Every structure is written in structure tokens, then in C-alpha cells.
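Everything numeric here is computed off the predicted structure, so don't read it as measured data. Just so you know, these numbers use all the heavy atoms, side chains as well, and skip hydrogens, waters and symmetry mates.
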Amino acid sequence: MVQDEPNGEIVASSDRPREKKPNIFQRIAIFVRQVFAELRKVVTPTRQELVKYTLVVIGFVVVMMAIVYGLDVLFVWLTTWVFGTPAS
């Protein structure tokens, strides 16, 4: 069976009573506990992994810089070829 909520939402009805919503301070405490629980799951990389990841990122940045530089040189050459150089 479907019933209308006071705020206009349609929800499925249930025979069990509705749980009371915790107050703002309880919700903040629950949130903080959940944050700490998630932080306990985080695994920090070893020094070797960190160096490897850093080198991968630096390598990727260098490759992207080379691609952008190459495209810049290509477009400069192309616009110079199409429009020519202004006569001095």
C-alpha cells in the first residue's frame, strides 16, 4: 500500500513504527565516529610505492607537456603558413 507523506512524497507504507530521528548532536557524533572508522581503513603507501607513484605522475606530466608544446608549435606554423608574416 502507498501513502502520502505530509511533505508530498509518496512512500511505501509499513506496519512497523517509524524510528525517531536522532538530534543534531547525536548525528554529528555518529558522523565523526564513521569518519574515524573510515580513516582506520586507509592504507598508507610504503616509501618504494610512493617513489614509484611520484615518478609515474612526473612522467605523465612531462608527456602531456610535450604533447601541448608540439601542438602549440604545429598551430603556430599552421597559422603562419595560412596568414603569412606581416610585411615590415
Side-chain angles (χ1 to χ4, degrees):
M1 179 163 188
V2 176
Q3 73 183 45
D4 262 340
E5 285 288 308
N7 59 1
E9 293 180 9
I10 298 177
V11 295
S13 66
S14 167
D15 292 337
R16 62 187 178 128
R18 217 172 211 191
E19 293 181 19
K20 189 173 181 183
K21 189 175 181 181
N23 68 28
I24 185 75
F25 299 110
Q26 290 172 333
R27 287 186 287 174
I28 290 172
I30 291 170
F31 174 75
V32 170
R33 278 195 300 264
Q34 288 174 346
V35 167
F36 282 124
E38 289 297 320
L39 286 175
R40 277 189 222 103
K41 297 177 187 178
V42 173
V43 178
T44 56
T46 63
R47 183 173 179 85
Q48 184 181 7
E49 290 173 333
L50 192 61
V51 169
K52 187 189 325 180
Y53 297 154
T54 303
L55 291 176
V56 166
V57 168
I58 290 172
F60 178 77
V61 169
V62 167
V63 167
M64 293 307 296
M65 284 173 48
I67 290 171
V68 169
Y69 175 77
L71 288 173
D72 183 49
V73 169
L74 174 71
F75 290 138
V76 166
W77 176 82
L78 189 63
T79 55
T80 303
W81 180 73
V82 168
F83 298 111
T85 54
S88 323

Residues which pass side-chain contact (heavy atoms from CB on, under 4.5 Å) with Thr46, listed by chain and number, not counting sequence neighbours: Gln48, Glu49

Quick note, salt bridge (Lys or Arg N to Asp or Glu O under 4.0 Å) partners involving residues 55-80, not counting sequence neighbours, are none

In chain order, what residues pass the side-chain contact (heavy atoms from CB on, under 4.5 Å) check against Met65, with sequence neighbours excluded? Val61

Under the 4.5 Å side-chain heavy-atom rule for ILVMFWY, direct or indirect, which residues accompany Ile58? Val62

By side-chain hydrogen bond (donor to acceptor under 3.5 Å, both in side chains), Lys21 pairs with (sequence neighbours left out) none

Which other residues belong to the hydrophobic cluster containing Val56, where Ile, Leu, Val, Met, Phe, Trp and Tyr are joined when side-chain heavy atoms lie under 4.5 Å apart, directly or via other members? none

Sequence neighbours left out, cut at 3.5 Å: what donor-acceptor pairs do the side chains of residues 73-82 make with other protein atoms?
| from | atom 1 | to | atom 2 | distance (Å) |
| --- | --- | --- | --- | --- |
| Thr79 | OG1 | Phe75 | O | 3.0 |
| Thr79 | OG1 | Val76 | O | 3.0 |
| Thr80 | OG1 | Val76 | O | 2.7 |

Donor-acceptor list for residues 25-36 side chains, cut-off 3.5 Å, not counting sequence neighbours:
| from | atom 1 | to | atom 2 | distance (Å) |
| --- | --- | --- | --- | --- |
| Gln26 | OE1 | Asn23 | N | 3.1 |
| Arg27 | NE | Pro22 | O | 3.3 |

State which residues pass side-chain contact (heavy atoms from CB on, under 4.5 Å) with Ile67; sequence neighbours excluded, sorted by chain then number. Val63, Met64, Leu71

Which residues pass the side-chain contact (heavy atoms from CB on, under 4.5 Å) test with Glu38, sequence neighbours left out? Lys41

Taking transitive links into account, so neighbours of neighbours count too, which hydrophobic residues share a cluster with Val68 at under 4.5 Å side-chain distance? none

